[in-house]
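Report on the structure given below.
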Amino acid sequence: MLVYNRVPPTTHEGAPRLTGEPRSRPDRQPLPGRRPPAKRRLRDERGSISAEFALVMPAVLVVLALCLGVLAAGTTRGRLWDVAGQSARSFARGDPEESIAAQARTLLPGVAVSLAGQENLVCATAGIPVSGVVGHFLPLQLEARVCTLREE
């Protein structure tokens, strides 16, 4: 089956040209000062790498920022465990709650500490919202709970 263009172009002999045949005529030379068709095509593709780079680079930067944000959230969670443990030990010794909360805010600014106690067991729960890029897109709250025995 032969496939023709919408309007069948003709070759220099006047016969219809098939789609797969080259469009240039062998007897025609390029005009002076103009490049041959293959070089013109290559010249038209200049800058395509820059365009692809401009599209890919923001995505790479977003992924990098999210990875760094997750790493920072993990570090904050470790500090939060330390704050909760220190608060539970202070509460087990019988320190006042106001001084425990002030000490916790000194160790990790912006932290909220809640204390609870039963007969021989005291627990401290420390929480802080996730900050940075991850906290901007996902409003998450990090929490750590540590329990210890009451000192007598």
Side-chain angles (χ1 to χ4, degrees), residues 1-9 17-24 30-152:
M1 178 175 163
L2 298 176
V3 178
Y4 294 98
N5 289 334
R6 290 184 185 160
V7 177
R17 180 167 49 89
L18 297 175
T19 341
E21 293 179 12
R23 291 181 177 235
S24 63
L31 295 174
R34 292 188 70 186
R35 294 181 179 173
K39 288 186 180 178
R40 272 196 315 255
R41 248 182 277 128
L42 289 176
R43 183 184 67 197
D44 292 341
E45 293 179 7
R46 283 188 328 183
S48 64
I49 297 298
S50 298
E52 291 169 0
F53 182 76
L55 290 174
V56 170
M57 194 59 183
V60 169
L61 289 176
V62 166
V63 168
L64 180 64
L66 287 175
C67 289
L68 290 175
V70 167
L71 183 66
T75 304
T76 303
R77 187 160 188 229
R79 292 178 62 198
L80 198 60
W81 280 104
D82 293 340
V83 167
Q86 182 66 33
S87 300
R89 284 189 295 277
S90 296
F91 189 54
R93 282 193 305 262
D95 292 349
E97 292 186 23
E98 296 81 28
S99 68
I100 294 172
Q103 184 182 21
R105 282 190 296 275
T106 303
L107 294 173
L108 186 60
V111 70
V113 177
S114 63
L115 303 166
Q118 296 175 353
E119 295 173 4
N120 288 334
L121 188 68
V122 293
C123 295
T125 304
I128 191 169
V130 176
S131 61
V133 176
V134 176
H136 180 71
F137 291 111
L138 301 170
L140 299 175
Q141 178 86 9
L142 292 176
E143 286 189 356
R145 181 181 173 123
V146 176
C147 297
T148 186
L149 294 174
R150 189 179 303 268
E151 292 181 12
E152 297 189 22

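- By the side chain to side chain contact (heavy atoms under 4.5 Å, CB included) test, P58 pairs with no residue at all, sequence neighbours left out.
- A heavy-atom distance below 4.5 Å is not found between the side chains of S87 and Q103.
- Here E143 contributes atom CD and W81 contributes atom CH2; the two are 10.0 Å apart, rounded to the nearest 0.5 Å.
- Scored by the salt bridge (Lys or Arg N to Asp or Glu O under 4.0 Å) test, D82 finds no partners at all (sequence neighbours excluded).
- Smallest separation of non-hydrogen atoms from A84 and V146: CB-CG2, 3.7 Å.
- Taking CG from L107 and CZ from R79, the interatomic distance works out to 8.5 Å, rounded to the nearest 0.5 Å.
- Once rounded to the nearest 0.5 Å, the distance linking SG of C147 with CZ of F91 reads 11.0 Å.
- Screening residues 94-103 for salt bridge (charged side-chain N to carboxylate O under 4.0 Å, His left out), with sequence neighbours left out, gives R93-D95.
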Just distance, no hydrogens or angles: give the donor-acceptor pairs under 3.5 Å from side chains in residues 62-78, sequence neighbours left out.
residue: T75; atom: OG1; partner: L71; partner atom: O; Å: 3.1
residue: T76; atom: OG1; partner: A72; partner atom: O; Å: 2.9

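- The disulfide bond (SG atoms under 2.5 Å apart) contacts involving residues 72-103 comprise nothing, where partners must be two or more places apart or lie in separate chains.
- The salt bridge (Lys or Arg N to Asp or Glu O under 4.0 Å) test applied to R150 returns no partner, not counting sequence neighbours.
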N/O donor-acceptor pairs under 3.5 Å from side chains in residues 110-137, not counting sequence neighbours:
none

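- For residues 88-120, there are no disulfide bond (SG atoms under 2.5 Å apart) pairs, not counting sequence neighbours.
- Within the model, atoms CD of Q141 and CG of L80 stand 8.5 Å from one another, a figure rounded to the nearest 0.5 Å.
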